[in-house]
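This report concerns only the one structure given below.
Just so it is clear, the values below take in all heavy atoms, side chains as well, and ignore hydrogens, waters and symmetry mates. Per chain, numbering begins at 1; letters A, B, ... match sequence-line order. Every value quoted in this text rests on a predicted model; they were computed, and no experiment measured them.
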Number of protein chains: 2
Amino acid sequence: MTNVDSTSGDIVASLGHLTLGSRLKRLGERLQGETTRFIQAQGIDLPSSWFPLLAALDRGEATVGELAEALGVSQPGVTRSVANLAGIGLVQVATGDADRRRRTVRLTGEGAALVERARRELWPRIDAAVAEACAGLEGSLLEQVGVLERRLDEVPIDRRAAAVATVPPVPPAPMAPVTAGSRP
Amino acid sequence: MTNVDSTSGDIVASLGHLTLGSRLKRLGERLQGETTRFIQAQGIDLPSSWFPLLAALDRGEATVGELAEALGVSQPGVTRSVANLAGIGLVQVATGDADRRRRTVRLTGEGAALVERARRELWPRIDAAVAEACAGLEGSLLEQVGVLERRLDEVPIDRRAAAVATVPPVPPAPMAPVTAGSRP
DNA sequence: TGCGATTAGATAACAGGTTATATAACCTGT
DNA sequence: ACAGGTTATATAACCTGTTATCTAATCGCA
C-alpha cells in the first residue's frame, strides 16, 4: 500500500514553483505505479510504462531512433525497453539490410495479441480512471497538481479503474506506421 | 544539451491519459535537471532536489519521519538524502536522547549559510523562471503539460532563470510567492 | 579510393523516486 | 517483568528516466 500521503506538504507548498519538478516526478511515478497495480490485478504482469512502446509498434515496425522520437524519450531509454520486451518475446529486432546501423523493431505475434487484449480490456479503463481523477481540475498547473495529489490520496488509480462500470468502446484502430515527425 | 524534443509525440498524445504518468515523470525530471544546471552555473554544485530538504531544516531541526511527512516523500528517500547532505557537511544527525530510535537532523553552520545564500540568490530566480514558464497555462492538466513541454523546448528553465533581470527581494522566512512575469 | 565527419545504436554510470523487509527501540498488558 | 506488538529508521533491490561516451556503419568529397 501507498505510505506517502500528500495532505501535509506545507513546506513543499510554501516553496511553490521551486519544488514543481520533484512533485511532478513523484506524481508521475505514482500514476505509473498505481496503473501497474491495476494491470497486474487483471492478470497481466507488465509495467504500465511499456505500453506506449507497444502501442507505437502496433502501428508498424520502427527503428530505435524513430521510437525515441515518436515517444519523446531518450534513445538509451528506448534501447533498454526494447531489450526488455525482446527478452520476454513481445518484440523482435532485426538489423536493417540497407543501413546496417539501424535496428528495426516489430511486434511478435504474442506482442500483437497482448496489445489487442490491452486495447480492449485495459486501456479504456485506465484512460477513464485517469480522466476521472483529472476531471474538472482548474487553475494553475501548481494548483491542479495539488488537487490531483489529494484526489489520489482518497482513491488511487487502480481502485478507480477497477470501478469503471461499463467498459467504453475500443479506441479506433491505428493506421499509419510510425514516422518520426518532421525534423524541427 | 537536451536531446529530446517534445514536438513530435503524436503517439504519446494519441494515447491520452494512458501516458500521463510517464509524461509527468519526464517533465519533472526535466525541470529538476534544468534547474540544477542553473544552480551549477551559479557556482553551487548541488542538485536542485536537495533544496527542499534544506529549506525544511531551515525551519528548525526535524526527525527523518517528520521530514518525510513534511516533504511528502518516502522515508527511505529522506534517509538517503540526509546521508548525502551529511556526507558533505551540510547537516548533522543526532540520535534522540528521549527516544533513541529517532534521528534528529539539523543544519550545520555551513548548511545554514548555504540556505541563506540560496534564498537570496537562487530561489527567487528559479521560482520566477518556473512561474514564467507556467504563466497563463490554461485548460486540462493534459493540455497544460503539453504546452509546458513545448515552452521548455523553446527556452529551458536555466536560460529563463539566467535571464531574470532584477532579482526579486528576499522572501521572508515562510517564503512569499514570487509573482510571475507575463506570458511569452 | 580513402579519409574525416556524421549518424545510429549500445553501453555505462548516475539520479532520485519507489516498495519490501530487516533491525532496534519503545510500549503495553497480563 | 517480559512477550508481543508497534514504531522509527536503515538497508536492499528495483524502476525508469537521464547524460556522456564508445563503436560501427555510412556518407561526402577531394
4.5 Å side-chain heavy-atom contact, Q144(B) and V147(B):
no
Using a 4.0 Å heavy-atom cut-off, does S22(B) contact any base of the nucleic acid, only the sugar-phosphate backbone, or nothing at all?
sugar-phosphate
Which of these nucleotides, dA25(D), dT16(D), dA20(D), is closest to any side-chain atom of R100(A)?
dA25(D)
Any side-chain heavy atom of Q32(B) within less than 4.5 Å of one from P47(B)?
no
Quick one: label G65(B) by what it contacts on the DNA or RNA (base, sugar-phosphate, nothing), any heavy atom closer than 4.0 Å.
sugar-phosphate
Here the distance between atom C1' of dG17(C) and atom CG of L27(B), to the nearest Å, is 16 Å
Nearest-nucleotide wise, let me know which of T36(A) and R103(B) is further upstream toward the 5' end of DNA chain D.
R103(B)
Round to the nearest Å and state the distance from K25(B) atom NZ to dT18(D) atom P.
9 Å
Would the number of heavy atoms belonging to other residues, nucleotides or ligands and lying under 6.0 Å from CZ of R151(A) be above 12?
yes
Separation of atom CD in E66(A) from atom P in dT7(C), rounded to whole Å
16 Å
For R30(A) and dG16(C), give me the distance from atom CZ to atom C1', rounded to whole Å.
17 Å
Looking only at side-chain N and O atoms, does T79(B) come under 4.0 Å of OP1 or OP2 in dT9(D)?
no
Protein-nucleotide distance (R80(B), atom CZ; dA13(D), atom C1'), rounded to Å
11 Å
Does S74(A) have a side-chain nitrogen or oxygen under 4.0 Å from the phosphate oxygens OP1 or OP2 of dG17(D)?
no
Could you state the atom-to-atom distance from CD of E29(B) to C1' of dG17(C) in whole Å?
8 Å
Please report, rounded to the nearest Å, how far the P atom of dT18(D) is from the CG atom of L31(B).
13 Å
Determine whether the side chains of T104(A) and T63(A) contain a donor N or O and an acceptor N or O closer than 3.5 Å.
no
Separation between CG of L24(A) and NZ of K25(B), rounded to the nearest 0.5 Å:
13.0 Å
In whole Å, I'd like the distance from the CD atom of Q32(A) to the P atom of dT18(C).
12 Å
Using a distance-only criterion (donor-acceptor N/O pair, under 3.5 Å, no hydrogens), is the base of dT26(D) paired with the side chain of R101(A)?
no
Partner lookup for dT28(C), please. Criteria are Watson-Crick or G-U wobble with both distances under 3.5 angstrom; report none if nothing qualifies.
dA3(D)
Between V64(A) and W50(B), which residue's closest nucleotide on DNA chain C lies nearer the 5′ terminus?
V64(A)
Which nucleotide in dA12(C), dT16(D), dT6(D) has an atom nearest any side-chain atom of P76(A)
dA12(C)
Taking only N and O in the side chain of Q75(A), is any of them less than 4.0 Å away from OP1 or OP2 of dT7(C)?
no
